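To start, the structure under review is shown below, and the notes come after it.
Bear in mind that the values here come from a model prediction, so they are computed numbers and not experimental data.
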Amino acid sequence: MKDNISFSQFIKNEKEKVLEANLYLYSAGLAPLTWGNVSERSCFDGKTYIFIKPSGVAYETMAVDDIVVVDEDGNTLESRLKPSTDLPTHLVIYKAFPSVMGVCHAHPEFLVAWAQAKKDIPNYGTTHSDFALSSIKCTRDLSKEEIDSDYEKNTGLALLESAKEEIPGINVSSHGPFSWGKSGIDAVKNMITMEKIAKMALLTTLLSPNVKPISDTDLAKKHYLRKHGKSAYYGQ
């Protein structure tokens, strides 16, 4: 058992957490209409379960019981609704990154703008450096064959070609971002951070088209290392 609770209570608790994460994404303005989804991975009695937003359900009306429960292979275990169509992409991320416990996908405007431009987001300053030293990558385009067969899974596989577990987010070319973290809420926070970085980077290039990234500078490294790694000292 998990914390000496029943399986039914475990399911209820996890559904509540995932509903909260999805509503957080919506309230942050990153997923208007039904444009996004958050999932979370959790274990009970040695078995792994994935909890995810149902496909096409409006955030305003979504309830705890609407959250879909699947196994590691994506088989629906407990729901009256279909899981998000992006579930196969989530599953690829979970299988590749053992420490990831939450995944988020959305279509926020500045990140999507960079995705549609098919460009990485360079690290221009310390705000970006607090998140990652390197650029936020944009994936390659999918081939016709990849689109026509297992599109969502192939999206995840293309994502993994550039993604790193320690940089918790990436842009999918012509599509939009995925982020991940230690929980669903954490994945949403990373999405919020990425969207702010995307906006700042766009404004920076408009003001100074020839600006150079600061990725390899001492200042960038200082900001990254004070929040990440064994010598981090940011926070309480």
Side-chain angles (χ1 to χ4, degrees), residues 18 21-22 25 30-41 48-57 67-77 79 81-122 132 134-181 184 187-188 190-191 194-195 197-198 201-202:
V18 173
N22 276 281
L25 179 67
L30 302 186
L33 304 176
T34 61
W35 298 1
N37 43 77
V38 184
S39 70
E40 189 162 316
R41 169 165 60 180
T48 299
Y49 301 90
I50 310 293
F51 299 79
I52 192 167
K53 180 185 180 292
S55 179
V57 173
I67 300 300
V68 183
V69 187
V70 304
D71 64 17
E72 289 182 286
D73 296 316
N75 300 305
T76 299
L77 302 175
S79 180
L81 300 172
K82 296 187 298 182
S84 166
T85 54
D86 293 306
L87 173 62
T89 311
H90 289 236
L91 294 178
V92 169
I93 295 170
Y94 283 127
K95 289 178 181 178
F97 299 150
S99 70
V100 167
M101 303 304 286
V103 176
C104 174
H105 172 56
H107 293 257
E109 55 192 326
F110 289 98
L111 280 164
V112 169
W114 283 91
Q116 292 178 166
K118 304 181 182 183
K119 290 185 175 182
D120 297 347
I121 304 173
S134 65
S135 61
I136 296 172
K137 299 296 184 182
C138 184
T139 69
R140 63 171 175 82
D141 290 340
L142 295 182
S143 68
K144 183 180 187 303
E145 291 74 19
E146 288 172 318
I147 294 169
D148 290 344
S149 176
D150 290 327
Y151 165 66
E152 289 82 7
K153 180 179 179 180
N154 287 328
T155 294
L157 294 175
L159 178 156
L160 291 182
E161 294 173 10
S162 301
K164 296 180 180 180
E165 193 167 359
E166 65 271 19
I167 302 176
I170 197 167
N171 240 345
V172 176
S173 179
S174 301
H175 186 116
F178 283 82
S179 61
W180 46 89
V188 175
N190 286 327
M191 182 69 71
M194 289 168 60
E195 174 68 351
I197 289 170
L202 178 59

- Message: Please find the pair of heavy atoms, one from Trp180 and one from Ile167, that lie closest to each other, and give the distance.
- Response: CZ2-O, 3.3 Å
- Item | Heavy-atom donor-acceptor pair, Arg41 side chain to Val103 backbone, under 3.5 Å | no
- Item | Glu40 side-chain N/O to Val18 backbone N/O, donor-acceptor pair under 3.5 Å | no
- Query: Are any of the side-chain heavy atoms of Pro88 and Asp150 separated by less than 4.5 Å?
  - Reply: no
- Would one find more than 12 heavy atoms of other residues, nucleotides or ligands at under 6.0 Å from atom NZ of Lys95? yes
- At what distance, to the nearest 0.5 angstrom, does OG1 of Thr155 lie from NZ of Lys153? 12.0 Å
- With a 3.5 Å cut-off and no angle check, do the side chains of Tyr94 and Ser39 form a donor-acceptor pair? yes
- To the nearest 0.5 Å, atom CG of Asn171 lies from atom CD of Gln116 at 9.5 Å
- Looking at SG of Cys104 and CG of Asp86, how far apart are the two atoms once the value is rounded to the nearest 0.5 Å? 10.5 Å
- Would you confirm whether Thr139, through its side chain, and Ser173, through its main-chain N or O, come within 3.5 Å as a donor-acceptor pair? yes
- Query: Under the side-chain hydrogen bond (donor to acceptor under 3.5 Å, both in side chains) test, which residues partner Asp71, sequence neighbours left out?
  - Reply: Asn75
- Task: Taking all non-hydrogen atoms of both residues into account, name the closest pair between Lys53 and Gly36 and its distance.
- Result: CD-O, 3.3 Å
- Message: Under 3.5 Å, is there a donor on one side chain and an acceptor on the other for Asn37 and Ser84?
- Response: yes
- Query: Short question: side chain of Glu195, backbone of Phe110 - any donor-acceptor pair under 3.5 Å?
  - Reply: yes
- Message: I need the Ser79 OG to Ile52 CD1 distance, nearest 0.5 Å.
- Response: 11.0 Å
- Task: Classify the ring geometry between His105 and Phe178 as parallel (under 30°), tilted (30 to 60°) or perpendicular (over 60°).
- Result: parallel
- Only counting residues at least two apart or in another chain, list the ones meeting side chain to side chain contact (heavy atoms under 4.5 Å, CB included) with Ala158. Arg140, Leu142
- Note on the structure: Output for pair (Leu160 CG, Thr89 OG1), nearest 0.5 Å, gives 10.0 Å
- Shortest non-hydrogen pair, Asp120 vs Trp114, comes out as O-CZ3, 3.3 Å
- Without swapping roles, check the side chain of Ser135 against the backbone of Lys137 for a donor-acceptor pair under 3.5 Å. no
- Got a sec, which residues hit ring pair (Phe, Tyr, Trp, His ring centres under 6.0 Å) with Tyr49, two or more places apart in sequence or on another chain? Phe7, Phe10
- Task: Quick one: sort the His175 and Tyr151 rings into parallel, tilted or perpendicular, breaks at 30° and 60°.
- Result: tilted
- Nearest non-hydrogen partners of Pro168 and Met194, listed with the distance: O-SD, 4.1 Å
- Asn154 side chain vs Ser149 backbone, donor-acceptor pair below 3.5 Å: yes
- Kindly compute the distance separating CG (Leu81) from CD1 (Ile67), expressed to the nearest 0.5 Å. 9.5 Å
- Query: Do you know which two heavy atoms are closest between Ala106 and Leu25, and how far apart they sit?
  - Reply: CB-CD1, 4.1 Å
- Check for a donor-acceptor pair, side chain of Thr34 on one end and backbone N or O of Val57 on the other, with a separation under 3.5 Å. no
- Task: Report yes if the side chains of Val92 and Leu159 come closer than 4.5 Å at any heavy-atom pair, otherwise no.
- Result: no
- Task: Compare every heavy atom of Ala21 with every heavy atom of Val188, then report the nearest pair and how far apart it is.
- Result: CG2-O, 3.6 Å
- Below 4.5 Å, heavy atoms only, C-beta onward: do Met191 and Leu111 meet side chain to side chain? yes
